[in-house]
Amino acid sequence: MKKLLVIGSLNLDMVVNVDHSPAIGETILTDRMELIPGGKGANQAYAAGYLGADAVMFGAVGCDTYGDILLNNLSAANVDITKVMRREDTSTGLALITVNRDGDNSIVVISGANATVTCEDIDRNMELLEKSDIILLQMEIPPSVVCHAAKLAKKLGKTVILDPAPVPGTFPEELYAYVDLMKPNETELSMLAGMEVTEETLDAAVSCIRRKGVKNVLVTLGERGVYLDSEELGVLRIPARKVCAVDTTAAGDAFTAAVAVMLARGKDIREAAGFANQVASIVVTRKGAQSSIPSMKEVEEYFKQQKS
Ligand code: ATP
Ligand code: RIB
């Protein structure tokens, strides 16, 4: 099986459940806050490890208890955390998350150690890139570092998967050419393509990304499933499974990781996206980020039960 390397963020999520997302100037009372391991990079690594892949996490946390919690959780999912850097002069990344009664979230990330990852860190750990086959990147570490890592990975002939979230103010144009598979949601696609994305404009927005050099684009559409435009298979849609969503946090991260896990097992992108769609449909029925991600055994059992 091919080896996965996730280069990205690790955050401890501070999650509050609210009836509705607060409007500007509004104060809302709630009775508790939960601490849940998260961060787009760590969520992808956790999902990859928990779904049975050979996964390595690269990033940075502080020398604090929050960093310990995040690393222990990744280890429990069989993710190799030996190369995650511990920073003495800054704290572990934090995410402040509100989840409303429809399961939709709003997130503010305090980057902390994630913002300290540098191109030199990547260069010092070249052997990680060399030993891996599929590299997963997101945008919660500095965009210049993401671009540098993607460029090196491409040069080494690796498969580069990019979740462009959160889309930075200035997205490095150069990055597109290094990406084999990009997974935006509709909002991210709209920001990157510079146009409103509706059912009518989806094709045009994705074509715009493909023209910039991305070979395969998988757009996640929440309860409407997935849109795939791939070099080999052309355009196709995969509908979402009908489930009762309680919290969509990390659905996109688990989706991306599940695609990578299936590509690592030699499946084609259509099969990979179909499997990822199933994994993500389980994630949205559970609360939290890493707490909501199923193991491969759970996925198999879940769908066995659905069939019987
Ligand atoms: P995140 O909340 O992690 O940022 P995202 O915005 O990147 O997620 P979405 O498009 O919301 O990504 O969801 C990713 C995938 O999760 C979807 O393509 C689908 O497979 C699944 N999914 C999300 N919402 C639902 C839902 N309500 N019902 C069934 N599946 C869902
Ligand atoms: O994609 C979900 C993640 O976004 C959360 O776990 C949070 O940490 C933010 O990074």
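For ligands, and for the atoms within them, numbers begin at 1 and follow the listed sequence. As the structure is a computational prediction, the values presented were derived from the model and not from experiment.
- Nearest protein neighbour of atom 3 (C) of ligand 2, counting heavy atoms only, is Asn43 ND2, 3.6 Å.
- In terms of protein heavy-atom proximity, atom 6 (O) of ligand 2 is closest to Asp13 OD2, 2.6 Å.
- For ligand 1, none of its N or O atoms has an N or O atom of Lys40 under 3.5 Å away.
- Atoms of ligand 1 lying under 4.0 Å from any heavy atom of Ala280, numbered from 1 in the order shown and given with element: 15 (C), 16 (O), 20 (O), 21 (C).
- Checked by atom type, the side-chain pair Asp102/His20 shows no donor-acceptor distance below 3.5 Å.
- Looking at heavy atoms from C-beta onward, Met296 lies out of side-chain contact with Glu298 at the 4.5 angstrom threshold.
- Under 3.5 Å, the side chains of Gln290 and Asn73 contain a donor-acceptor pair of N or O atoms.
- Checked by atom type and distance alone, the side chain of Asn11 never pairs as donor or acceptor with a backbone atom of Asp13 at under 3.5 Å.
- Heavy-atom proximity to Val243, at under 4.0 Å, picks out these atoms of ligand 1: 28 (N), 29 (C).
- Here atom 8 (O) of ligand 1 lies nearest to Gly252 when heavy atoms of Gly252, Ala245, Ala254, Cys244 are compared.
- Ligand 2 does not have Gly252 within reach: every non-hydrogen atom of the residue lies 4.0 Å or more from it.
- At a 3.5 angstrom cut-off on N or O pairs, Gly222 counts as close to ligand 1.
- When only non-hydrogen protein atoms are considered, atom 2 (C) of ligand 2 lies nearest to Asp253 OD2, 3.2 Å.
- Counting atoms of ligand 2 from 1 in the listed order, those under 4.0 Å from a heavy atom of Ala289 are 6 (O).
- Atoms of ligand 2 found under 4.0 Å from any heavy atom of Gly38, numbered from 1 in the order shown, are 6 (O), 8 (O).
- Environment of NZ in Lys215: crowded, with over 12 heavy atoms of neighbouring residues, nucleotides or ligands closer than 6.0 Å.
- Side-chain contact of Thr159 with Asp180: a donor-acceptor pair under 3.5 Å is absent, judged by distance alone.
- Protein heavy atom at the shortest distance from atom 4 (O) of ligand 2 is Lys40 NZ, 3.3 Å.
- Heavy atoms of Leu221 found under 4.0 angstrom from ligand 1 belong exclusively to the backbone.
- With a heavy-atom cut-off of 4.0 Å, Val226 touches ligand 1 through its side chain alone.
- With a heavy-atom cut-off of 4.0 Å, Thr220 touches ligand 1 through backbone and side chain alike.
- Interface atoms of ligand 1 facing Thr248, defined by a heavy-atom separation under 4.0 Å, are 1 (P), 2 (O), 3 (O).
- Checked options Leu189, Asp203, Val217, Leu218; the residue passing with Tyr227 is Asp203 (criterion: side chain to side chain contact (heavy atoms under 4.5 Å, CB included)).
- If you number the atoms of ligand 1 from 1 as listed, the ones under 4.0 Å from a heavy atom of Gly225 come out as 18 (O).
- Of the candidates Asp163, Ile282, Asn277, the one placing a heavy atom closest to atom 20 (O) of ligand 1 is Asn277.
- The contact set between ligand 1 and Ala250, taken as ligand atoms under 4.0 Å from a residue heavy atom, comprises 3 (O).
- Near Arg241, meaning under 4.0 Å from one of its heavy atoms, ligand 1 places the atoms 28 (N), 29 (C).
- Heavy-atom contacts from other residues, nucleotides or ligands closer than 6.0 Å to CD of Glu199 number more than 12.
- Backbone and side-chain nitrogen or oxygen atoms of Gly39 are examined, and one is located within less than 3.5 angstrom of a nitrogen or oxygen of ligand 2.
- For atom 9 (C) of ligand 2, the nearest non-hydrogen atom of the protein is Glu140 OE2, 3.4 Å.
- A 4.5 Å side-chain heavy-atom check between Asp268 and Glu232 finds every atom pair outside the cut-off.
- Considering CG of Leu263 and NZ of Lys2, their distance stands at 8.0 Å, rounded to 0.5 Å.
- Rounding to the nearest 0.5 angstrom, the gap separating the NZ atom in Lys40 from the CD atom in Gln138 is 8.5 Å.
- Looking at heavy atoms from C-beta onward, Val226 lies out of side-chain contact with Val219 at the 4.5 angstrom threshold.
- The shortest N or O to N or O distance between Phe255 and ligand 1 is not under 3.5 Å.
- Of all the heavy atoms of Lys183, the ones lying under 4.0 Å from any atom of ligand 1 belong exclusively to the side chain.
- Checked against a 3.5 angstrom limit, the closest N/O atoms of Asn11 and ligand 2 fall inside it.
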Which is it for Asp229 and Arg210 under the salt bridge (Lys or Arg N to Asp or Glu O under 4.0 Å) test, yes or no, and what are the steps along the way? CA-CA 8 Å; Asp229 185 349; Arg210 294 278 320 272; 2.7 Å; yes

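- A salt bridge is absent between Asp133 and Lys3; no separation between the charged side-chain nitrogens and carboxylate oxygens falls under 4.0 Å.
- No donor-acceptor pair under 3.5 Å is formed between the side chain of Arg87 and the backbone N or O of Gly62.
- Heavy-atom proximity to Ala95, at under 4.0 Å, picks out these atoms of ligand 2: 7 (C), 8 (O).
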